[in-house]
Engineer: 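Take this structure first; my questions come after.
Please read all numbers here as calculations on a predicted model, not as lab measurements. Only heavy atoms go into these numbers, but all of them, side chains included; no hydrogens, no water, no symmetry mates. We name chains A, B, ... by the order of the sequence lines, and we start the count at 1 in each one.
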Number of protein chains: 2
Amino acid sequence: MEQTLTISIQDYLKHIYELTDRGAPASTNALAERLKIKPASVTGMIQKLAASNPPLVEYQKHQGVTLTKDGKKAALEVIRHHRLLEAWLVQTLGYSWDEVHEEAERLEHVISEDFERRIAAAMGHPLRDPHGELIPTADLKMPLDDSTPLSALRPNQTGTIQCVKAADDELLRHLESLGITPGASIEVKEYSSYDHNLTVKVGKKTSVLGLNITSKIFVEES
Amino acid sequence: MEQTLTISIQDYLKHIYELTDRGAPASTNALAERLKIKPASVTGMIQKLAASNPPLVEYQKHQGVTLTKDGKKAALEVIRHHRLLEAWLVQTLGYSWDEVHEEAERLEHVISEDFERRIAAAMGHPLRDPHGELIPTADLKMPLDDSTPLSALRPNQTGTIQCVKAADDELLRHLESLGITPGASIEVKEYSSYDHNLTVKVGKKTSVLGLNITSKIFVEES
DNA sequence: ACAATAATTTAGTCTTACCTAAATTTTATT
DNA sequence: AATAAAATTTAGGTAAGACTAAATTATTGT
Ligand SMILES: [Mn+2]
Ligand SMILES: [Mn+2]
Ligand SMILES: [Mn+2]
Ligand SMILES: [Mn+2]
């Protein structure tokens with residue numbers, strides 16, 4: 001059998017990894033939405049991946065999918081490529097953090113292991129990508145993430161921004177204009193229990209952020 | 001209609017361009033060999049490309065194919081990507097000229113026009129790739145090539161090596177060890193009319209080269 | 001000019017990865 | 001516990017792009 005990891009399969013595994021990040025299996029519908037294909041098609045592929053040798057996913061009808069050891073390894077491989085590429089595009093070609101995603105999305109599937117090693121070495125083996133996301137190590141382990149969502153902080157708490165988990169480039173540009181980028185120090189000023197808005201201060205700028213944003217920003221408390 | 005230029009199609013067009021470089025149409029068999037697929041499959045694709053709107057190739061049964069204006073433009077686009085990528089890989093990631101081809105072969109189909117512009121600018125818009133091949137310009141014209149094959153030179157003639165048209169990495173490493181790389185000065189010492197061997201001197205090294213090699217090395221006479 | 005050989009094309013299959021429409025769970029609501 | 005709604009799966013297609021085997025055309029050496 002020995003599954004060839006087609007670009008499609010790589011994308012399935014990557015998205016399953018991200019959806020199962022916090023324990024629960026990934027649903028057919030959630031996967032379909034992410035992959036921008038129809039749920040019926042997802043079922044077909046999932047069944048194939050579960051039946052392959054070795055199986056790449058664990059699957060029970062109507063219960064969603066999780067990755068097997070092999071599937072996880074393959075997913076981390078793609079994610080490592082993606083994040084290293086993003087870092088490299090920013091560092092060597094002057095891409096901004098809102099421009100890199102699309103390009104990395106295509107390149108991640110075609111670069112060689114040699115290319116991966118070369119860019120990793122050229123950058124001094126970075127730990128995070130331009131959005132602050134952790135880069136899986138060369139031996140395909142995901143480093144531990146000790147950050148908390150900004151949405152969990154309350155007035156007077158402060159922290160350092162670790163990571164912004166957003167794909168929308170408009171939002172990324174907006175956050176950058178507010179100084180909200182990895183490495184910045186942030187202080188929570190106010191909290192509204194009605195709409196969960198947080199008033200935060202970064203540098204000299206004060207901003208009011210809704211939950212849909214604060215839940216995507218991850219900080220290390222200080 | 002508006003053909004989507006799939007990776008397969010891009011490869012066909014690129015190889016047709018190279019095969020028709022000196023006027024004559026490309027034969028089905030020659031294309032099949034280059035693309036490493038069966039002649040029967042080539043016929044099918046060629047017919048599709050000739051029937052597409054706009055047509056990308058000109059084709060008459062048993063007479064081979066040539067590129068139309070549109071096909072040529074698409075081919076030059078891919079070739080520009082390939083050669084810029086090769087130059088980029090050598091200049092920024094330390095690849096050697098025998099290692100770049102494979103990697104560029106996959107990347108050429110997935111980089112954006114933005115990526116193309118950025119690497120071209122970063123390198124100062126190079127005219128040639130690491131093998132000395134001319135890079136099509138940003139507006140997709142192939143610069144004039146005024147070089148002659150080394151095989152056409154005779155004793156006492158000298159020149160500067162412009163380009164080595166070889167894909168075989170062993171051969172490339174061998175030539176490099178002989179000092180035969182773009183930019184090097186070369187002098188023809190002897191010629192054997194029996195086997196068309198040339199004895200050449202580059203730097204302090206003297207080598208005897210067969211026609212299969214000398215026909216792949218292009219020089220500018222001096 | 002004609003058979004032998006080489007090149008090319010046709011016809012019919014296969015695989016991958018999608019789709020739509022219809023059937024079947026599962027889950028949520030009363 | 002019954003039913004409505006939502007999620008999932010099945011069944012039957014389609015499109016690309018390859019393959020094999022067989023048929024057809026060209027080319028070549030005598
Ligand atoms: Mn890798
Ligand atoms: Mn990222
Ligand atoms: Mn281009
Ligand atoms: Mn080259």
Side-chain angles (χ1 to χ4, degrees), chain A residues 1-16 19-20 24-66 71 74-75 78 105-106 108-110, chain B residues 1-16 19-20 24-66 71 74-75 78 105-106 108-110:
Chain A
M1 302 285 138
E2 267 301 304
Q3 264 296 355
T4 330
L5 295 180
T6 63
I7 290 177
S8 259
I9 292 176
Q10 291 178 33
D11 277 333
Y12 273 90
L13 297 175
K14 182 177 67 167
H15 283 109
I16 294 169
L19 284 169
T20 55
S27 74
T28 301
N29 266 17
L31 250 180
E33 192 182 352
R34 287 233 180 185
L35 293 165
K36 288 174 191 146
I37 61 182
K38 295 291 180 292
S41 306
V42 170
T43 300
M45 177 63 95
I46 278 172
Q47 289 174 342
K48 191 176 99 175
L49 296 179
S52 77
N53 199 288
L56 297 169
V57 305
E58 185 88 48
Y59 170 65
Q60 309 223 99
K61 269 188 197 180
H62 294 102
Q63 303 307 130
V65 263
T66 54
V78 181
E105 203 66 25
R106 281 172 282 110
E108 66 189 8
H109 305 294
V110 305
Chain B
M1 302 286 136
E2 265 304 304
Q3 265 296 2
T4 332
L5 295 179
T6 63
I7 290 176
S8 259
I9 292 177
Q10 291 177 35
D11 277 333
Y12 273 90
L13 296 175
K14 183 177 65 166
H15 283 108
I16 293 169
L19 284 169
T20 55
S27 75
T28 301
N29 265 19
L31 251 179
E33 192 184 351
R34 288 234 179 184
L35 292 164
K36 285 171 193 151
I37 61 182
K38 295 290 182 283
S41 306
V42 171
T43 300
M45 177 62 95
I46 277 173
Q47 290 174 341
K48 191 174 101 175
L49 296 179
S52 77
N53 196 285
L56 296 170
V57 304
E58 185 89 47
Y59 169 65
Q60 307 222 101
K61 272 188 195 179
H62 294 103
Q63 303 308 129
V65 263
T66 54
V78 181
E105 203 66 24
R106 282 173 280 108
E108 66 189 8
H109 305 294
V110 304

Engineer: With B:Ala40, which residues qualify under side-chain contact (heavy atoms from CB on, under 4.5 Å), at least two apart?
Structural biologist: none
Engineer: Taking NZ from B:Lys36 and C1' from D:dG17, how many angstroms apart are they, rounded to a whole number?
Structural biologist: 18 Å
Engineer: Can you tell if the side chain of B:Tyr12 reaches within under 4.5 Å of the side chain of B:Val42, non-hydrogen atoms only?
Structural biologist: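 The answer is yes, as the side chains (C-beta and beyond) meet within the 4.5 Å cut-off.
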Engineer: Roughly how many Å is it from NE2 in B:His62 to P in D:dA23, rounded to a whole number?
Structural biologist: 16 Å
Engineer: Is there a side-chain contact (heavy atoms from CB on, under 4.5 Å) between A:Asn53 and A:Gln3? Walk through the geometry before answering.
Structural biologist: CA-CA 7 Å; A:Asn53 199 288; A:Gln3 264 296 355; over 6 Å; no
Engineer: Just to be sure I understand the geometry, which residues of residues 6-14 of chain A put a non-hydrogen atom under 4.0 Å away from DNA chain C?
Structural biologist: A:Thr6, A:Ser8, A:Tyr12
Engineer: Is the closest side-chain heavy-atom distance between A:Ile9 and A:Met45 below 4.5 Å?
Structural biologist: yes
Engineer: First contact, last contact: which nucleotides of DNA chain C are these for chain A, 5' to 3', heavy-atom distance under 4.0 Å?
Structural biologist: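 Answer, 5' to 3': C:dA17 to C:dT26.
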Engineer: Rounding to a whole Å, what distance do you find between B:Ile46:CD1 and D:dA16:P?
Structural biologist: 17 Å
Engineer: Please identify each residue that fulfils side-chain contact (heavy atoms from CB on, under 4.5 Å) with A:Pro25, with sequence neighbours left out.
Structural biologist: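 Per chain and number, A:Pro25 pairs via side-chain contact (heavy atoms from CB on, under 4.5 Å) with A:Thr66.
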Engineer: For B:Met45 and D:dC19, what is the distance between atoms CE and P respectively, to the nearest whole Å?
Structural biologist: 11 Å
Engineer: Looking at side-chain heavy atoms only, is the closest gap between B:Leu56 and B:Leu5 below 4.5 Å?
Structural biologist: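 Side chain of B:Leu56 against side chain of B:Leu5, heavy atoms only: contact under 4.5 Å found.
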Engineer: Within a radius of less than 6.0 Å around CD of B:Glu58, do more than 12 heavy atoms belonging to other residues, nucleotides or ligands occur?
Structural biologist: no
Engineer: Kindly write out the residues that satisfy side-chain contact (heavy atoms from CB on, under 4.5 Å) with A:Val78, not counting sequence neighbours, or none if the list is empty.
Structural biologist: A:Gln10, A:Lys14, A:Glu108, A:His109
Engineer: Just by distance, do the side chain of A:Thr4 and the backbone of A:Thr6 share a donor-acceptor pair under 3.5 Å?
Structural biologist: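 Such a contact is absent between A:Thr4 side chain and A:Thr6 backbone.
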Engineer: Does any part of the side chain of A:Val65, heavy atoms only, come nearer than 4.5 Å to the side chain of A:Leu19, both counted from C-beta?
Structural biologist: no
Engineer: Any side-chain N or O of A:Thr28 less than 4.0 Å from the OP1 or OP2 oxygen of D:dA7?
Structural biologist: no
Engineer: Between atom NZ in A:Lys38 and atom C1' in D:dT10, what is the gap in whole Å?
Structural biologist: 17 Å
Engineer: To the nearest 10°, let me know how far the axis at one end of the helix from C:dA1-D:dT30 to C:dT30-D:dA1 is tilted from the axis at the other, five pairs an end.
Structural biologist: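 Taking the rotation axis at each end, their angle is 0°.
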Engineer: Measuring to OP1 and OP2 of D:dG17, would you say a side-chain N or O of B:Lys48 lies under 4.0 angstrom away?
Structural biologist: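 Yes, within the criterion.
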Engineer: Counting distance only, does the side-chain N/O of A:Thr20 pair as donor-acceptor with the main-chain N or O of A:Ile16 below 3.5 Å?
Structural biologist: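 Yes, A:Thr20 side chain to A:Ile16 backbone: donor-acceptor pair under 3.5 Å.
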